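A note on names: the letters A, B, ... follow the listed sequences, proteins ahead of strands, and every chain is numbered from 1. Computed from a prediction, not measured in an experiment: that's the story for all the values here.
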Amino acid sequence: MLRSLTIAGLLIASPALAEVDDEALSPLAKRSITVGVGGHNGKLAGLDENGWGPNLELAIGRPRWQYFAEGGVARVKLGPVGDRTPGFKWRGGVGVRWLARSFELGDRGSIDMQLEAFTGVSRFQFEDLPRFTRPDLGFGVGYQVRGFFGDERRKQAGLRVTMRVYFAPTSDVLEEIKMIACRGTCPTTAGTSNSGLMAGFGGVF
Amino acid sequence: LRSLVIVCALASTAGANPDPDEQIPDEPPTHQRLFGFRLGGGMQPYDGRELTTMSVALAVEHRVYGKWRVAGEYEYLWIGEHDTEPENSKVTDGNGHRTNLLIRRALMETGKIGGHIRFYADVELGGGFLLASEPMAGTIAKPHAFAGVRLGYSFIKLKADTRASAVWEPEVLFRVIAMPNQQAGYFFGIGMSWGD
């Protein structure tokens, strides 16, 4: 039945995903910078790990594809409720973004749907814990409201909201961090998951 | 599986017996298909436990006849159990995938307001499959059926000659989910779609 559902899903999805050509949409800016705030809520070797902080992104490319590099820092907490260890997470990454759909607000703006894939590396710095690094990769979806200015809409500004799912590999180092973080009494149901949700909000220029 | 068969049977009936009165009264449809995304959450029963879900979904929809549409969805979801004390803390956490196939029909819709806005209320019926992993349950592989309502508005294109999407539709939806063994859960989502 799973196979049947997959086939049915692909049949439904294929025409809907294929029929908008590049020329139909207002192109993305050749270069853009995004300044915003990002938050995440996920798992580090099965323990809760979450936080938020400022992000910066630089992107190039058009008309419907953007390649971006991003960096940010977040104030984070690790561990079970009531016994969380505070710290910082520094993250840098690269990715690609596709302008999937666009609804034009007359000649001066649009509401866009975007899909993106990314990979990155995070450096964690918790109090009383050794520093460590964790790679990640994931995919995301989001929308942005763009305004067009100047001749031939070359100047753009807007607001973007993005939701991402990320995955990271587990390792012996993470297991060791986990045991220290929960003082050797980790919940038996903590598991080994290293996935989570990232959300971002920013101004695009 | 039985629920899915019923859904398919209903869908085929809709296609085989076209009713001339089913046309949208005011104008022809503004779009034939939708593509969008959604954030949502809810409760998924499993073996007597009430598991909390949160998901990010992609969805596509096709108009098949008049007000009848068929849609498919993929969700990446987090699934687990929460304690109310302290602070709604997580007890277990898992993740997985959910696919849905559904039929949807406009129950009520307004005419174009100001030429560019149309409010709607849809009803929907469907089924799907959940494949997830959760520490206490292990692998969860279960079919489900659901019925729901979808509310929102269509923002219809502002200029006639555009080749971009014809409509933009924000939505909220609520579903009651039926699992095997007469267990019931629910789902609430907000999202938006682009129509062509």
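For the atom pair NZ of A:Lys43 and CG of B:Asn95, the computed distance is 10.0 Å after rounding to the nearest 0.5 Å. To the nearest 0.5 Å, atoms CZ (B:Phe37) and CG (A:Leu115) are separated by 9.0 Å. Atom CZ of A:Phe139 and atom CG of B:Leu58 lie 7.5 Å apart (nearest 0.5 Å). Here the CZ atom belonging to A:Phe103 is positioned 9.5 Å from the OG atom belonging to B:Ser154, to the nearest 0.5 angstrom. If you take CE on B:Met54 and CG on A:Asn41, they are separated by 7.0 Å, rounding to the nearest 0.5 Å.
Scanning all heavy atoms of the two residues, the minimum distance from B:Ala164 to A:Ser102 falls at CB-O, 3.2 Å.
Sparse packing is recorded around OH of B:Tyr186, with 12 or fewer heavy atoms of other residues, nucleotides or ligands lying under 6.0 Å away. When the shell of 6.0 Å around CD1 of B:Ile190 is examined, it contains 12 or fewer heavy atoms from other residues, nucleotides or ligands. More than 12 heavy atoms of other residues, nucleotides or ligands lie within 6.0 Å of CZ in A:Arg75, so this atom counts as buried by the packing criterion. The local environment of CZ in B:Phe187 is crowded, with over 12 non-hydrogen atoms from other residues, nucleotides or ligands closer than 6.0 Å. Heavy atoms of other residues, nucleotides or ligands lying less than 6.0 angstrom from CD of B:Glu50 number 12 at most.
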### Task
Might you work through the side-chain contact (heavy atoms from CB on, under 4.5 Å) test for A:Asp112 and B:Trp194, ending with a clear yes or no?
CA-CA 9 Å; A:Asp112 307 327; B:Trp194 283 253; 5.5 Å; no

### Task
Step by step, work out the side-chain contact (heavy atoms from CB on, under 4.5 Å) result for B:Asp196 and A:Arg101.
CA-CA 9 Å; B:Asp196 299 300; A:Arg101 288 290 186 275; 2.8 Å; yes

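Residue contact with chain A, scored on non-hydrogen atoms closer than 4.5 Å, involves the backbone of B:Ile156 exclusively. Contact annotation for B:Ala166: only backbone heavy atoms (N, CA, C, O) come within less than 4.5 Å of a heavy atom of chain A. With a threshold of 4.5 angstrom between heavy atoms, A:Leu197 approaches chain B through its backbone and through its side chain. When heavy atoms are compared at a cutoff of 4.5 Å, B:Trp168 approaches chain A by way of both its backbone and its side chain. For A:Met113, the parts lying under 4.5 angstrom from a heavy atom of chain B are both the backbone and the side chain.
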